[in-house]
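Presented below is the structure to which this report refers.
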2 protein chains.
Amino acid sequence: MPRSAVGQSSVREANLAIVLQTVCGAPEPPSRADLAGRLTMTRATSARLVDELVEGGLVDEIDPLVPRRGRPARLLLPGSGVGALGLLADTDKVVARVVSLRGDVLAQVRRDVDMIGLDPDEGLAHVARAGREVLDAAGSVRVVGTALAIPGVVADGRTLVRAPNLDWTDVDLAARLGPVGRAGSLLEVGNEADLAATAVVEEAPGRVGPWPDFLYLSGTRGVGGAVVSRGRVVTGEHGGAGEFGHVCVDPSGPVCPCGSQGCLERYAALEPLAAAAGLRPDQVGSIGERAAAGDERCVETLAHLAWALSVALASVVNVVGISSVVLGGHLGRLEPYIRDDLRARLDARVLGARWAPVQVQAASDTSSSPADGAALLVLRRLLEHPVGWL
Amino acid sequence: MPRSAVGQSSVREANLAIVLQTVCGAPEPPSRADLAGRLTMTRATSARLVDELVEGGLVDEIDPLVPRRGRPARLLLPGSGVGALGLLADTDKVVARVVSLRGDVLAQVRRDVDMIGLDPDEGLAHVARAGREVLDAAGSVRVVGTALAIPGVVADGRTLVRAPNLDWTDVDLAARLGPVGRAGSLLEVGNEADLAATAVVEEAPGRVGPWPDFLYLSGTRGVGGAVVSRGRVVTGEHGGAGEFGHVCVDPSGPVCPCGSQGCLERYAALEPLAAAAGLRPDQVGSIGERAAAGDERCVETLAHLAWALSVALASVVNVVGISSVVLGGHLGRLEPYIRDDLRARLDARVLGARWAPVQVQAASDTSSSPADGAALLVLRRLLEHPVGWL
DNA sequence: TCGAATAAGTTTGATGGTAGAACTTAAAAC
DNA sequence: GTTTTAAGTTCTACCATCAAACTTATTCGA
């Protein structure tokens with residue numbers, strides 16, 4: 001539905017955004033002339049736009065490193081003095097990071113906090129304190145906005161509808177976050193797994209990595225995830241997408257607290273895995289090594305896990321047509337030990353596997369990535385609409 | 001990834017598209033002044049753009065019906081002399097329709113053909129003949145392009161990768177369709193279920209109906225469907241999305257020809273339903289009435305169907321966060337008889353059902369809608385980029 | 001050391017599109 | 001028949017990009 005017409009000021013705004021995005025997305029720092037060539041605009045126009053971005057601090061100029069024939073180009077990099085604050089309120093910890101437009105983590109605080117049992121105001125106080133500390137540490141950086149990652153369903157990018165593990169319901173997080181939320185003018189709240197997936201998509205602000213389409217599956221206390229299509233997280237109508245944990249593996253399987261039966265969570269979450277392997281939950285990460293060392297029970301546990309994942313994921317792959325799977329959390333940790341089994345089972349179950357074999361990968365790290373993703377989300381807004389910050 | 005900069009010609013193109021889309025999407029025919037107000041452009045600009053569209057036949061002018069104070073407005077309607085050819089090659093029939101920009105079916109041919117066993121050239125000859133006939137019947141209409149709906153996986157909107165029921169593999173349909181495909185300069189091929197879903201989304205070209213997000217599930221020989229998000233069909237990385245028929249209902253369920261076990265298709269496709277009810281496949285549509293009349297076996301069949309659908313759909317709803325379901329084909333026919341049961345089971349299985357209860361609906365008709373959807377697909381291209389046709 | 005070659009960046013005027021405001025037109029209301 | 005209302009038109013101003021000539025900074029070669 002078209003809302004509004006386009007004027008020539010929109011042209012300038014659009015081109016500013018395009019130039020900034022190109023600078024951020026480029027593998028090598030481009031010059032004004034490079035941009036002109038790549039974007040089919042004249043050098044005059046490119047220079048005009050770049051000058052404006054440099055003036056506003058969104059783009060930095062550096063002198064060329066390798067000498068070349070001709071007048072040396074002034075190379076352009078994303079502004080290092082501009083960043084965003086990414087926050088994570090998890091069940092067992094709080095993370096705050098300031099990430100620059102260049103993708104550098106300028107400051108970070110990570111603190112173990114048992115959030116379970118805390119009410120929203122108490123929990124958010126921990127988050128806000130961590131946020132203030134990194135803002136201080138980041139010093140002179142211009143922070144354009146804040147985003148908060150939370151393990152729950154978020155509506156409209158502002159309100160927490162329900163976070164089952166924290167037992168928080170209907171909290172206007174954006175309003176209750178206090179002054180830290182007002183660092184910069186952007187403020188967003190997002191689902192933890194969605195934002196972790198965002199961090200997988202973008203290697204740096206505006207630079208989309210090699211996988212624009214994948215299913216992200218994160219194993220923690222529960223099993224969450226996200227569907228990423230064309231570089232964007234699919235949030236669904238009401239923000240309730242990505243509940244991989246409650247895909248049905250076996251309708252006559254174990255009862256799930258959600259009221260259903262045989263949910264993936266009952267096979268792949270931390271506790272069921274620990275129980276199956278006869279270990280403590282914090283030992284789940286070692287199941288792979290134990291299995292490799294010959295522990296029969298762990299071998300069986302992994303086989304059962306691969307089976308359950310294959311049933312659930314095959315259904316999803318058949319419906320959304322995305323055949324790359326990225327595993328995070330303890331599932332990422334176990335991925336090397338189930339990869340081949342899982343892939344073989346998926347190829348047998350996925351209809352299109354003949355021409356698009358299913359890829360399985362582990363996300364490198366996981367514990368802070370929702371905070372990175374939160375910062376990236378804010379910076380993405382900046383990249384989409386830079387005019388306001390010039 | 002930004003490809004190219006924006007110039008002022010893009011402004012004109014964008015505004016032409018916006019004006020045309022607004023004319024097509026408006027519930028009541030607007031005037032030039034209405035458009036100016038709604039799109040925040042001046043009356044001067046709106047008039048200039050509209051004149052160009054009228055000149056090119058994409059917009060028609062009519063005199064106002066109800067007299068009003070002031071100078072009477074000339075009302076604007078989508079051009080009735082412009083249309084697209086939608087084709088459907090199904091297993092048992094061929095359909096060809098010319099649909100105008102206004103949404104009217106200007107001509108139609110529908111012919112029962114047993115396509116099973118025919119090779120692509122033989123089958124496409126039937127399609128092409130039907131296409132030629134409707135083009136003749138449509139007479140002076142300017143046909144901007146053709147689209148073909150086919151029950152199979154389509155890549156890049158051109159090539160059929162695999163149509164299991166027709167047993168066609170790797171056919172460049174766009175090339176082999178012959179002159180009918182070159183009626184107008186647009187030519188696309190799409191999956192039958194995807195295009196049927198497109199016809200559900202758009203009531204008329206450019207007019208998105210009340211459900212921009214839904215899962216479309218169509219029961220025929222198999223069970224296909226589409227995920228529609230924000231008014232767009234999700235095609236996946238390689239066009240292989242929407243295979244609802246192979247969502248796993250029960251991993252220890254009946255064996256499926258796909259190589260897996262307990263696929264939804266084994267519970268909800270025509271033949272399994274007929275077998276369960278002890279009827280011929282062509283009698284499946286009457287299971288609802290028979291059950292209502294007290295036929296125990298049909299009652300049980302419907303209950304089992306609702307159960308299987310609920311298991312499969314709940315998983316999908318939990319992952320993609322879309323909680324409206326539209327049923328087509330024989331599933332649409334049976335929908336009134338399973339609706340309540342299905343909805344109750346879904347609400348029990350869907351995690352977010354508390355704040356977003358699952359909606360279940362039947363698509364009104366089904367047999368020709370892929371052809372309508374095909375035509376709508378072409379007309380959508382026209383609406384997105386009208387400059388080429390002026 | 002100096003000039004030619006090369007390529008980046010800058011200036012200038014032309015072009016094309018929308019914005020704004022005054023003007024014209026067509027019909028109903030009085 | 002005059003007034004009122006609102007649609008549509010005309011004209012000028014403005015703004016962003018384009019095109020092409022021009023300036024600048026460096027390397028290469030004599």
Side-chain angles (χ1 to χ4, degrees), chain A residues 2-20 22-23 26 28-55 59 61-76 386-387 390, chain B residues 2-19 22-23 26 28-55 59 61-77 386-387 390:
Chain A
R3 285 244 73 76
S4 200
V6 189
Q8 47 267 80
S9 71
S10 322
V11 172
R12 197 176 117 272
E13 290 185 26
N15 281 337
L16 276 169
I18 287 171
V19 166
L20 180 57
T22 307
V23 169
E28 298 298 324
S31 68
R32 290 165 170 78
D34 289 338
L35 293 173
R38 211 173 303 175
L39 301 175
T40 52
M41 49 172 60
T42 61
R43 293 206 302 279
T45 307
S46 140
R48 217 179 77 77
L49 295 165
V50 166
D51 288 345
E52 211 165 334
L53 292 169
V54 169
E55 180 77 20
V59 165
E61 278 183 313
I62 55 167
D63 283 320
L65 312 124
V66 267
R68 246 199 315 100
R69 211 183 169 80
R71 176 175 174 171
R74 314 228 50 204
L75 301 184
L76 304 170
V387 186
L390 291 177
Chain B
R3 283 244 74 75
S4 200
V6 189
Q8 46 269 75
S9 71
S10 321
V11 171
R12 195 176 120 271
E13 290 186 25
N15 282 335
L16 275 170
I18 289 170
V19 167
T22 308
V23 169
E28 298 297 323
S31 68
R32 289 167 172 76
D34 289 337
L35 292 174
R38 209 173 305 174
L39 301 176
T40 51
M41 49 173 60
T42 61
R43 294 207 300 282
T45 306
S46 140
R48 218 177 78 78
L49 295 165
V50 166
D51 288 346
E52 210 165 334
L53 291 169
V54 169
E55 180 76 20
V59 165
E61 278 184 313
I62 56 167
D63 283 319
L65 311 125
V66 266
R68 246 199 314 100
R69 210 182 169 78
R71 174 173 176 173
R74 315 228 50 203
L75 300 184
L76 304 169
L77 283 174
V387 187
L390 293 177

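For clarity, every value in this text was computed on a predicted model and none was experimentally measured.
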List the atom of A:Leu35, the atom of A:Pro30, and the distance in Å for their closest heavy-atom pair.
CD2-CG, 3.9 Å
Give me the one residue out of A:Leu76, A:Leu53, A:Asn15 that meets side chain to side chain contact (heavy atoms under 4.5 Å, CB included) with A:Leu20.
A:Leu53
Kindly give the heavy-atom pair with the smallest separation between A:Ser4 and B:Leu39, and that separation in Å.
OG-O, 3.6 Å
With heavy atoms under 4.0 Å as the rule, sort B:Ala44 into base, sugar-phosphate or nothing.
base
Check step by step if side-chain contact (heavy atoms from CB on, under 4.5 Å) holds for A:Arg74 and A:Asp63.
CA-CA 5 Å; A:Arg74 314 228 50 204; A:Asp63 283 320; 3.0 Å; yes
Roughly how far, to the nearest 0.5 Å, is the CZ atom of A:Arg32 from the CZ atom of A:Arg43?
12.5 Å
Could you work out, with side-chain contact (heavy atoms from CB on, under 4.5 Å) as the rule, every residue matching A:Ala14, not counting sequence neighbours?
B:Val6
Which residue lies toward the 5' end of DNA chain C, A:Ala5 or A:Arg32, if each is placed at its nearest nucleotide?
A:Arg32
How does each nucleotide of nucleotides 22-30 of chain C score, in 5' to 3' order, for protein heavy atoms under 4.0 Å: base (B), sugar-phosphate only (S), or none (-)?
---BBSSS-
Show each protein N/O and nucleotides 16-18 of chain C N/O combination with a separation under 3.5 Å, one pair to a line.
| from | atom 1 | to | atom 2 | distance (Å) |
| --- | --- | --- | --- | --- |
| C:dG17 | N2 | A:Gln8 | NE2 | 2.3 |
| C:dG17 | N3 | A:Gln8 | NE2 | 3.1 |
| C:dT18 | OP1 | B:Asn15 | ND2 | 3.3 |
| C:dT18 | OP2 | B:Arg48 | NE | 3.4 |
| C:dT18 | OP2 | B:Arg48 | NH2 | 3.1 |
| C:dT18 | O4' | A:Gln8 | OE1 | 3.2 |

Indicate the atoms forming the closest heavy-atom contact of A:Pro64 with A:Ala73, along with that distance.
CD-O, 3.2 Å
Can you pull the contact range of chain A along DNA chain D, 5' to 3', using atoms under 4.0 angstrom from its heavy atoms?
D:dC15 to D:dC28
Who passes side-chain contact (heavy atoms from CB on, under 4.5 Å) against B:Glu52, sequence neighbours left out?
B:Arg12, B:Leu16, B:Leu390
Quick check for you: to the nearest 0.5 Å, what is the distance between A:Asp34 atom CG and A:Arg38 atom CZ?
6.0 Å
Qualifying residues under side-chain contact (heavy atoms from CB on, under 4.5 Å), relative to A:Thr42, sequence neighbours excluded:
A:Ala44, A:Thr45
